[in-house]
Amino acid sequence: MNVMKLLATLAAIYGVICVVAYVSSRSFMYFPDPTRVAPSNVGLDGVNEVELEAGDATALVAWYAAAERDKPTILYFHGNGANAAERASRIATMRDDGFGVLYLNNRGYGGSEGNPTEQHNVADAVAAYDYLSGLGVPEQKIVAYGESLGSGQAVRLASERPVAAIVLESPLTSTIDVARSTYFWLPLRWLITDSYHNEANIRSVSLPVLVLHGEQDETIPLSMGRRVYQAANQPKEIVVFPLGTHVDLFAHGAWEVTKDFIARVAPGTRS
(Lines give C-alpha, C1' and ligand atoms only; values in the text may rest on other atoms or scores of the structure.)
Protein backbone atom coordinates (compact mmCIF):
# COMPACT_ATOMS: atom_id res chain seq x y z
CA MET A 1 0.00 0.00 0.00
CA ASN A 2 1.49 3.33 -1.04
CA VAL A 3 1.44 6.42 1.14
CA MET A 4 -1.60 7.99 -0.55
CA LYS A 5 -3.67 4.85 -0.15
CA LEU A 6 -2.60 4.58 3.49
CA LEU A 7 -3.61 8.18 4.16
CA ALA A 8 -6.92 7.66 2.39
CA THR A 9 -7.59 4.55 4.49
CA LEU A 10 -6.74 6.36 7.72
CA ALA A 11 -8.93 9.31 6.73
CA ALA A 12 -11.83 6.96 6.00
CA ILE A 13 -11.42 5.22 9.36
CA TYR A 14 -11.25 8.58 11.11
CA GLY A 15 -14.41 9.68 9.31
CA VAL A 16 -16.27 6.55 10.39
CA ILE A 17 -15.17 7.10 14.00
CA CYS A 18 -16.46 10.69 13.83
CA VAL A 19 -19.83 9.57 12.49
CA VAL A 20 -20.17 6.91 15.17
CA ALA A 21 -19.17 9.42 17.87
CA TYR A 22 -21.77 11.91 16.63
CA VAL A 23 -24.59 9.38 16.43
CA SER A 24 -23.84 7.80 19.80
CA SER A 25 -22.69 10.86 21.78
CA ARG A 26 -25.75 10.85 24.03
CA SER A 27 -25.29 7.19 24.91
CA PHE A 28 -21.91 8.15 26.35
CA MET A 29 -23.42 11.08 28.25
CA TYR A 30 -26.60 9.79 29.88
CA PHE A 31 -26.90 6.65 31.98
CA PRO A 32 -30.56 6.63 33.00
CA ASP A 33 -31.97 4.31 35.64
CA PRO A 34 -35.66 4.10 34.62
CA THR A 35 -36.79 2.34 37.81
CA ARG A 36 -39.79 4.09 39.33
CA VAL A 37 -39.62 3.97 43.12
CA ALA A 38 -42.09 5.48 45.58
CA PRO A 39 -40.59 7.85 48.18
CA SER A 40 -42.05 5.75 50.97
CA ASN A 41 -40.08 2.73 49.72
CA VAL A 42 -36.83 4.50 50.59
CA GLY A 43 -38.02 5.80 53.95
CA LEU A 44 -39.11 9.29 52.96
CA ASP A 45 -42.23 10.23 54.87
CA GLY A 46 -43.96 13.41 53.80
CA VAL A 47 -42.46 13.30 50.31
CA ASN A 48 -44.92 12.68 47.48
CA GLU A 49 -44.48 11.46 43.95
CA VAL A 50 -46.00 13.90 41.48
CA GLU A 51 -46.38 13.81 37.72
CA LEU A 52 -45.61 16.86 35.63
CA GLU A 53 -46.42 17.39 31.99
CA ALA A 54 -43.63 18.71 29.81
CA GLY A 55 -44.30 21.20 27.07
CA ASP A 56 -44.52 18.40 24.53
CA ALA A 57 -46.86 16.40 26.81
CA THR A 58 -44.16 13.97 27.98
CA ALA A 59 -44.97 12.66 31.46
CA LEU A 60 -42.29 13.47 34.03
CA VAL A 61 -42.00 12.01 37.51
CA ALA A 62 -40.81 14.20 40.38
CA TRP A 63 -40.67 13.95 44.15
CA TYR A 64 -42.09 16.86 46.09
CA ALA A 65 -42.35 17.97 49.69
CA ALA A 66 -43.61 21.40 50.66
CA ALA A 67 -41.39 23.67 52.71
CA GLU A 68 -42.14 24.56 56.28
CA ARG A 69 -43.22 28.14 56.88
CA ASP A 70 -40.71 30.73 55.58
CA LYS A 71 -38.25 28.05 54.42
CA PRO A 72 -36.92 27.86 50.84
CA THR A 73 -37.67 25.11 48.34
CA ILE A 74 -34.78 23.35 46.60
CA LEU A 75 -35.44 22.68 42.93
CA TYR A 76 -33.01 19.80 42.39
CA PHE A 77 -31.49 18.73 39.07
CA HIS A 78 -29.49 15.50 39.12
CA GLY A 79 -26.41 14.20 37.35
CA ASN A 80 -26.16 11.79 34.42
CA GLY A 81 -26.47 8.60 36.44
CA ALA A 82 -28.75 9.37 39.40
CA ASN A 83 -32.45 9.43 40.10
CA ALA A 84 -34.52 10.50 43.09
CA ALA A 85 -34.29 7.17 44.93
CA GLU A 86 -30.50 7.29 44.78
CA ARG A 87 -30.54 10.73 46.40
CA ALA A 88 -33.06 9.88 49.11
CA SER A 89 -30.59 10.59 51.91
CA ARG A 90 -29.97 14.07 50.53
CA ILE A 91 -33.68 14.76 50.28
CA ALA A 92 -34.10 13.55 53.86
CA THR A 93 -31.34 15.90 55.03
CA MET A 94 -33.00 18.86 53.36
CA ARG A 95 -36.38 17.90 54.80
CA ASP A 96 -34.93 17.56 58.30
CA ASP A 97 -34.14 21.27 58.13
CA GLY A 98 -37.64 22.14 56.95
CA PHE A 99 -36.69 22.89 53.35
CA GLY A 100 -39.07 22.07 50.56
CA VAL A 101 -37.76 19.87 47.76
CA LEU A 102 -38.82 19.28 44.19
CA TYR A 103 -36.54 16.65 42.69
CA LEU A 104 -37.09 16.26 38.96
CA ASN A 105 -36.32 12.90 37.36
CA ASN A 106 -35.11 13.80 33.89
CA ARG A 107 -36.51 11.95 30.88
CA GLY A 108 -35.66 8.27 31.08
CA TYR A 109 -34.87 8.45 34.80
CA GLY A 110 -37.00 7.32 37.73
CA GLY A 111 -40.15 6.63 35.74
CA SER A 112 -40.12 9.75 33.56
CA GLU A 113 -40.97 9.09 29.93
CA GLY A 114 -38.83 9.93 26.92
CA ASN A 115 -35.12 10.26 26.33
CA PRO A 116 -32.84 12.91 27.78
CA THR A 117 -31.35 15.67 25.66
CA GLU A 118 -30.07 19.09 26.66
CA GLN A 119 -32.97 20.82 24.92
CA HIS A 120 -35.53 18.62 26.69
CA ASN A 121 -33.81 18.78 30.08
CA VAL A 122 -33.70 22.57 30.05
CA ALA A 123 -37.32 22.85 28.93
CA ASP A 124 -38.34 20.35 31.61
CA ALA A 125 -36.44 22.34 34.25
CA VAL A 126 -38.57 25.34 33.32
CA ALA A 127 -41.69 23.16 33.51
CA ALA A 128 -40.70 22.05 37.02
CA TYR A 129 -40.20 25.67 38.04
CA ASP A 130 -43.59 26.58 36.63
CA TYR A 131 -45.11 23.69 38.58
CA LEU A 132 -43.75 25.15 41.81
CA SER A 133 -45.03 28.58 40.85
CA GLY A 134 -48.44 27.06 40.20
CA LEU A 135 -48.43 25.71 43.74
CA GLY A 136 -47.88 29.22 45.04
CA VAL A 137 -44.17 28.96 45.84
CA PRO A 138 -42.76 32.48 45.28
CA GLU A 139 -39.63 33.03 43.22
CA GLN A 140 -37.72 34.42 46.19
CA LYS A 141 -38.11 31.07 47.92
CA ILE A 142 -36.94 28.85 45.05
CA VAL A 143 -33.27 27.80 44.97
CA ALA A 144 -32.01 26.01 41.84
CA TYR A 145 -29.62 23.21 42.80
CA GLY A 146 -27.69 21.50 40.02
CA GLU A 147 -25.52 18.45 40.67
CA SER A 148 -22.84 17.61 38.09
CA LEU A 149 -24.54 17.53 34.67
CA GLY A 150 -27.63 19.00 36.35
CA SER A 151 -25.65 22.19 36.85
CA GLY A 152 -26.40 22.91 33.20
CA GLN A 153 -30.12 22.83 33.89
CA ALA A 154 -29.79 25.07 36.93
CA VAL A 155 -27.76 27.67 35.03
CA ARG A 156 -30.08 27.73 32.04
CA LEU A 157 -33.16 27.88 34.25
CA ALA A 158 -31.74 30.89 36.10
CA SER A 159 -31.35 32.71 32.79
CA GLU A 160 -35.04 32.13 31.99
CA ARG A 161 -36.81 32.31 35.36
CA PRO A 162 -36.12 34.31 38.53
CA VAL A 163 -34.86 32.30 41.50
CA ALA A 164 -33.43 33.27 44.88
CA ALA A 165 -30.03 31.68 44.25
CA ILE A 166 -28.18 28.95 42.34
CA VAL A 167 -26.10 26.18 43.89
CA LEU A 168 -23.81 24.27 41.54
CA GLU A 169 -22.31 21.07 42.90
CA SER A 170 -19.33 19.73 40.91
CA PRO A 171 -20.21 21.78 37.83
CA LEU A 172 -18.59 21.19 34.46
CA THR A 173 -17.52 23.96 32.12
CA SER A 174 -19.02 21.99 29.23
CA THR A 175 -19.40 18.38 28.19
CA ILE A 176 -16.99 19.13 25.34
CA ASP A 177 -14.29 20.00 27.85
CA VAL A 178 -14.97 16.84 29.85
CA ALA A 179 -14.74 14.66 26.76
CA ARG A 180 -11.66 16.46 25.46
CA SER A 181 -9.51 15.08 28.27
CA THR A 182 -9.94 11.60 26.73
CA TYR A 183 -10.95 12.17 23.11
CA PHE A 184 -8.68 15.13 22.37
CA TRP A 185 -8.03 13.79 18.89
CA LEU A 186 -11.67 14.17 17.79
CA PRO A 187 -13.39 17.40 16.60
CA LEU A 188 -15.69 17.30 19.62
CA ARG A 189 -17.21 20.73 19.08
CA TRP A 190 -18.90 19.33 15.98
CA LEU A 191 -19.72 15.90 17.39
CA ILE A 192 -21.30 16.62 20.79
CA THR A 193 -24.79 18.02 20.44
CA ASP A 194 -25.53 18.48 24.17
CA SER A 195 -22.78 20.81 25.36
CA TYR A 196 -24.18 22.23 28.64
CA HIS A 197 -21.80 25.15 28.25
CA ASN A 198 -21.94 26.46 31.81
CA GLU A 199 -18.86 28.62 31.53
CA ALA A 200 -20.51 30.64 28.77
CA ASN A 201 -24.14 30.44 29.91
CA ILE A 202 -23.55 31.58 33.47
CA ARG A 203 -22.34 34.95 32.23
CA SER A 204 -25.95 35.88 31.53
CA VAL A 205 -27.05 35.10 35.10
CA SER A 206 -27.18 37.90 37.66
CA LEU A 207 -28.17 35.97 40.77
CA PRO A 208 -26.25 34.72 43.82
CA VAL A 209 -24.18 31.68 42.86
CA LEU A 210 -22.53 29.09 45.09
CA VAL A 211 -20.08 26.60 43.61
CA LEU A 212 -19.27 23.44 45.57
CA HIS A 213 -16.44 21.18 44.42
CA GLY A 214 -14.30 18.37 45.74
CA GLU A 215 -10.55 18.64 45.37
CA GLN A 216 -10.35 14.88 44.75
CA ASP A 217 -13.01 14.90 42.00
CA GLU A 218 -11.71 12.71 39.17
CA THR A 219 -14.89 12.96 37.07
CA ILE A 220 -15.14 16.73 36.75
CA PRO A 221 -11.88 18.30 37.90
CA LEU A 222 -11.80 21.17 40.35
CA SER A 223 -10.31 23.38 37.64
CA MET A 224 -13.69 23.31 35.85
CA GLY A 225 -15.54 24.36 38.98
CA ARG A 226 -13.11 27.24 39.40
CA ARG A 227 -13.64 28.33 35.79
CA VAL A 228 -17.42 28.32 36.21
CA TYR A 229 -17.01 30.35 39.38
CA GLN A 230 -14.71 32.84 37.66
CA ALA A 231 -17.20 33.29 34.81
CA ALA A 232 -20.12 33.94 37.17
CA ASN A 233 -21.23 37.42 38.13
CA GLN A 234 -21.25 38.70 41.68
CA PRO A 235 -22.46 37.85 44.24
CA LYS A 236 -20.74 34.49 44.11
CA GLU A 237 -18.87 32.10 46.36
CA ILE A 238 -16.88 28.92 45.91
CA VAL A 239 -16.21 26.30 48.59
CA VAL A 240 -13.66 23.55 47.95
CA PHE A 241 -13.72 20.37 50.00
CA PRO A 242 -10.15 19.03 50.25
CA LEU A 243 -11.23 15.40 50.73
CA GLY A 244 -14.34 15.57 48.57
CA THR A 245 -14.76 13.49 45.42
CA HIS A 246 -17.51 13.72 42.82
CA VAL A 247 -20.52 12.38 44.70
CA ASP A 248 -19.78 12.62 48.42
CA LEU A 249 -19.79 16.35 49.17
CA PHE A 250 -22.74 16.10 51.55
CA ALA A 251 -20.57 13.86 53.73
CA HIS A 252 -18.02 16.70 53.88
CA GLY A 253 -20.44 19.46 54.88
CA ALA A 254 -21.85 20.70 51.57
CA TRP A 255 -25.37 20.99 52.92
CA GLU A 256 -24.29 23.07 55.91
CA VAL A 257 -22.42 25.40 53.55
CA THR A 258 -25.48 25.61 51.29
CA LYS A 259 -27.84 26.50 54.14
CA ASP A 260 -25.53 29.25 55.34
CA PHE A 261 -25.19 30.66 51.83
CA ILE A 262 -28.93 30.75 51.24
CA ALA A 263 -29.55 32.46 54.57
CA ARG A 264 -27.05 35.19 53.72
CA VAL A 265 -27.81 35.95 50.08
CA ALA A 266 -31.46 35.10 49.46
CA PRO A 267 -33.92 37.66 50.81
CA GLY A 268 -37.24 36.31 51.97
CA THR A 269 -35.87 32.95 53.08
CA ARG A 270 -35.19 31.64 56.52
CA SER A 271 -32.97 28.58 56.72
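For the single chain, residues carry numbers from 1 onward in sequence order.
With contacts defined as side-chain heavy-atom distances shorter than 4.5 Å, the pair Tyr129/Val137 does not qualify. You'll find the side chain of Arg226 reaches within 4.5 Å of the side chain of Val240, heavy atoms only. Contact check for Tyr30 versus Asn115: no side-chain heavy atoms found under the 4.5 Å cut-off. Side chains of Leu75 and Val163 form no contact here, defined as non-hydrogen atoms less than 4.5 Å apart. Using a 4.5 Å heavy-atom cutoff, the side chains of Thr73 and Lys141 are not in contact. Side-chain contact between Phe250 and Met94 is present, with at least one heavy-atom pair separated by less than 4.5 Å. Asp56 has its side chain within reach of His120: a pair of non-hydrogen atoms, C-beta onward, lies under 4.5 Å apart. Annotation: side chain of Ile220 is in contact with side chain of His246 (closest heavy-atom distance under 4.5 Å).
In the hydrophobic clustering of this structure, Val247 does not group with Ile91; members are Ile, Leu, Val, Met, Phe, Trp, Tyr whose side-chain heavy atoms approach within less than 4.5 Å, directly or through other members. If you chain together hydrophobic residues whose side chains sit under 4.5 Å apart, Val61 and Tyr64 never meet in one group. Both Tyr103 and Leu44 are assigned to one and the same hydrophobic cluster, defined by single-linkage of ILVMFWY side chains at heavy-atom distances under 4.5 Å. One hydrophobic cluster, built from ILVMFWY side chains closer than 4.5 Å, holds both Val126 and Leu135. Under a hydrophobic clustering in which Ile, Leu, Val, Met, Phe, Trp and Tyr are joined whenever their side-chain heavy atoms come within less than 4.5 Å, directly or via other members, Val37 and Val101 fall into the same cluster.
The shortest heavy-atom contact between Leu172 and Ser151 is CD2-OG, 3.6 Å. Nearest heavy atom pair, residue Ser170 against residue Leu249, reads OG-CD1, 3.9 Å.
Considering only residues two or more places apart in sequence or on other chains, Thr258 meets the side-chain contact (heavy atoms from CB on, under 4.5 Å) condition with Tyr145, Val167, Leu210, Leu212, Trp255, Ile262. Partners of Asn233 according to the side-chain contact (heavy atoms from CB on, under 4.5 Å) rule, which considers only residues two or more places apart in sequence or in another chain, are Ser206.
Between the side chains of Tyr76 and Arg90, a donor-acceptor pair is found at a separation under 3.5 Å.
Distance alone, capped at 3.5 Å, places no donor-acceptor pair between the Ser159 side chain and the Val205 backbone. Checked by atom type and distance alone, the side chain of Lys236 pairs as donor or acceptor with a backbone atom of Gln230 at under 3.5 Å. A donor-acceptor distance shorter than 3.5 angstrom exists from the side chain of Gln216 to the backbone of Pro242, with no hydrogens or angles considered. Judged purely by atom type and a 3.5 angstrom limit, Asp124 has no side-chain atom pairing as donor or acceptor with the backbone of Asn106. Asp248 contributes no side-chain N or O that, together with a main-chain N or O of Gly244, makes up a donor-acceptor pair within less than 3.5 Å. Proximity of a side-chain donor or acceptor of Tyr196 to a complementary backbone N or O of Gly150 within less than 3.5 Å is not detected. Formation of a donor-acceptor pair under 3.5 Å by the Thr173 side chain with backbone atoms of Glu199 is not found in this model. Not a single donor-acceptor pair under 3.5 Å links the side chain of Asp217 to the backbone N or O of Gly214. Between the side chain of Asn83 and the main chain of Asn105, no donor-acceptor pair closer than 3.5 Å is present. Asp97 places no side-chain N or O within donor-acceptor distance of the main-chain N or O of Phe99, the cut-off being under 3.5 Å.
For CD of Gln234, the number of neighbouring non-hydrogen atoms (other residues, nucleotides, ligands) closer than 6.0 Å is greater than 12.
To the nearest 0.5 angstrom, Leu149 atom CG is 9.0 Å from His78 atom NE2. One finds the CH2 atom of Trp63 at 11.0 Å from the CG atom of Asn48 (value rounded to the nearest 0.5 Å).
A salt bridge links Asp130 with Arg161: at least one charged nitrogen is closer than 4.0 Å to a carboxylate oxygen.
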